[in-house]
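Below is one structure, written out as structure tokens; comments come after it.
Position 1 is the first residue of the sequence; numbering continues from there.
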Amino acid sequence: TRPRVSGAPDQVWTYGRDSLHSAGDSDANPFLQSGDKVSVSSESFFFIKGEVKSPGRYAIDDNTTILKAISLAGGFEQYANHKKVELLRKQGDETIRMVINVERVENRKEEDVRILPGDMINVRARFL
């Protein structure tokens, strides 16, 4: 967090552990200035609920994707809707809703979505 002058809001940047170790990327590893505040969280989490074997809160790392998240939660339950997995992500004051077709991700027809700290994954049941 970098304080700004004239009452403007502070500038805030968030970096993952892996990006700070990338060589040659000065945007991912900025120089600190006088007055900067660095906060380090020990772990970040995502949440998963619905038609998975073990819904709950899980620790996240820089390589957590939708497939890994579902796997961490024990996989899909029998009636899970693989084609419409909902991902809710806070961006500022807004909540972004994405619908992911996990079947297409598993078949490499769509890219595996990276999970960010605070993401909520909702696996709904399919209608029979």
If you compare all heavy atoms of [X] against all heavy atoms of [Y], which two are closest, and at what distance to 0.1 Å?
| X | Y | value |
| --- | --- | --- |
| Asn81 | Ala125 | CB-C, 4.1 Å |
| Pro117 | Ile60 | N-CD1, 3.6 Å |
| Gly50 | Pro55 | O-CG, 4.2 Å |
| Ile115 | Ala69 | CG1-CB, 4.3 Å |

Q) Phe45 ring centre to Arg57 NZ or CZ under 6.0 Å, with the angle to the axis within 45°? A) yes

Let me confirm one number: the [atom1]-[atom2] distance from [X] to [Y], rounded to the nearest 0.5 Å.
| X | Y | atom1 | atom2 | answer |
| --- | --- | --- | --- | --- |
| Leu72 | Leu67 | CG | CG | 11.0 Å |
| Gln11 | Arg4 | CD | CZ | 4.0 Å |
| Met120 | Ile48 | CE | CD1 | 9.5 Å |
| Ile100 | His82 | CD1 | NE2 | 14.0 Å |
| Lys90 | Ile96 | NZ | CD1 | 10.0 Å |
| Glu51 | Ile70 | CD | CD1 | 12.0 Å |

Heavy-atom check, side chain of [X] versus side chain of [Y], under 4.5 Å:
| X | Y | answer |
| --- | --- | --- |
| Leu88 | Asp119 | no |
| Asn122 | Val85 | no |
| Phe76 | Val102 | yes |
| Asp36 | Thr1 | no |

Q. Is the CD atom of Glu77 crowded by more than 12 outside heavy atoms at less than 6.0 Å?
A. yes

Q: Answer yes or no: are there more than 12 heavy-atom neighbours, outside Lys68 itself, under 6.0 Å from its atom NZ?
A: yes

**Q.** same_hphob_cluster(Leu116, Met98) at 4.5 Å side-chain heavy-atom cutoff
**A.** no

Q: Could you tell me whether Glu86 and Arg97 make a salt bridge, using a distance below 4.0 angstrom between a side-chain N and a carboxylate O?
A: yes

Q | Residues forming a side chain to side chain donor-acceptor pair (under 3.5 Å) with Asp112, sequence neighbours excluded | A | Thr65

Q) Counting distance only, does the side-chain N/O of Asn107 pair as donor-acceptor with the main-chain N or O of Glu103 below 3.5 Å? A) yes

Q) Can you check side chain to side chain contact (heavy atoms under 4.5 Å, CB included) on Lys84 and Arg124, steps first, answer last? A) CA-CA 8 Å; Lys84 292 184 180 178; Arg124 297 184 185 273; over 6 Å; no

Q: Mind running salt bridge (Lys or Arg N to Asp or Glu O under 4.0 Å) on Arg114 and Asp62 for me, showing each step along the way?
A: CA-CA 8 Å; Arg114 185 166 170 246; Asp62 287 342; 3.6 Å; yes

